Q: 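Quick one: structure below, then a few questions.
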Amino acid sequence: MRTLFKTIFLIFFGISATGQTDVEGFKTFADSLGLQFEMPEGYAVTPVKDNNDLWYSFAIINEDASMEVRYTIWSLKTFILEYNESLKNSNSLMISPNDIYKGSIESNVLNMTSGFRYDIMPFPDQAVKKEFNADAGGSCFFEFNCEFGKGYRYGQFVYLHKDNMTDVIITFMSNDKETHPELMRIPFHALIFK
């Protein structure tokens, strides 16, 4: 099931499995999708690792390797065009691309935990708008049980959605549940919508 979902996801989103290897390349990529990225202090680029759970295009790690952050970003623009065309055809049925992230984040939790459910908590609308300039967002803390999380025990993803533009999943990875929230503080706002 996991492989099937990944295959469908990659085909649907037309995502290349290659990642960014430098900060400037990632900044350019993010900028093209309406985002801005600032490298957090004390972090460096780390290689993107192939896995069967969640594609991501860029990753950073702090100096003592106690926190890694991985970025998954995809554009909604093509799907918005297709959706608008589908509205002209009464025989066509298509989910709004602005609702796809809801299923994606549920699937992400199941992939990261090998089927265990965790609560996904939405951010308050005003806070996500003020802090990330996003239309929706939220977070989920979980224990890894997957290839993606190899080398880490705990994960927390933040999802961000900007209507008609872009969806984002930022995964924060560590091995210490107690220090995890403090470790997230520095890179938490590194990627925001413009």
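No experiment lies behind these values; they were computed from the predicted model shown. Values below: all heavy atoms of this structure, side chains included; hydrogens, waters and symmetry mates excluded.
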Q: Which residue pairs pass the salt bridge (Lys or Arg N to Asp or Glu O under 4.0 Å) test with at least one member in residues 34-47, sequence neighbours excluded?
A: K27-E38
Q: Can you pull the salt bridge (Lys or Arg N to Asp or Glu O under 4.0 Å) pairs that have at least one residue in residues 184-194, sequence neighbours excluded?
A: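 Sorted result for residues 184-194: D31-K194, E182-R185.
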Q: Report the relative orientation of the aromatic rings in F123 and F132; use parallel for angles under 30°, tilted for 30 to 60°, perpendicular for over 60°.
A: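 Rings of F123 and F132: parallel, as their planes differ by under 30°.
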Q: Taking C-beta and beyond as the side chain, do N62 and I186 meet within less than 4.5 Å on heavy atoms?
A: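 When only atoms from C-beta onward are counted, I186 and N62 do not touch, as no gap falls below 4.5 Å.
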Q: For the CG atom on L87, are there more than 12 heavy atoms of other groups (residues, nucleotides or ligands in this structure) within a distance under 6.0 Å?
A: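 Yes, the 6.0 Å shell around CG holds more than 12 heavy atoms from other groups.
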Q: Below 30° counts as parallel, above 60° as perpendicular, anything between as tilted: where do the rings of F144 and F142 land?
A: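 Rings of F144 and F142: perpendicular, over 60°.
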Q: Check whether more than 12 heavy atoms from other residues, nucleotides or ligands sit under 6.0 Å from atom CG of N175, and answer yes or no.
A: yes
Q: Taking the six-membered ring for Trp, are H161 and Y101 ring centroids under 6.0 Å apart?
A: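 Centroid distance H161-Y101: below 6.0 Å, so yes.
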Q: Go through it in stages, so that I can follow the logic: the residues are F141 and Y118, the test is ring pair (Phe, Tyr, Trp, His ring centres under 6.0 Å), and I'd like the CA-CA distance, side-chain angles, deciding distance and then a yes or no.
A: CA-CA 8 Å; F141 182 83; Y118 286 81; 7.9 Å; no
Q: Using salt bridge (Lys or Arg N to Asp or Glu O under 4.0 Å) as the criterion, list what pairs up with K129, not counting sequence neighbours.
A: D135
Q: Is NZ or CZ of R70 both nearer than 6.0 Å to the six-membered ring centre of F148 and within 45° of the ring axis?
A: yes
Q: Verify the ring-centre separation between F58 and Y56: is it less than 6.0 angstrom?
A: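 No, the ring centres sit 6.0 Å or more apart.
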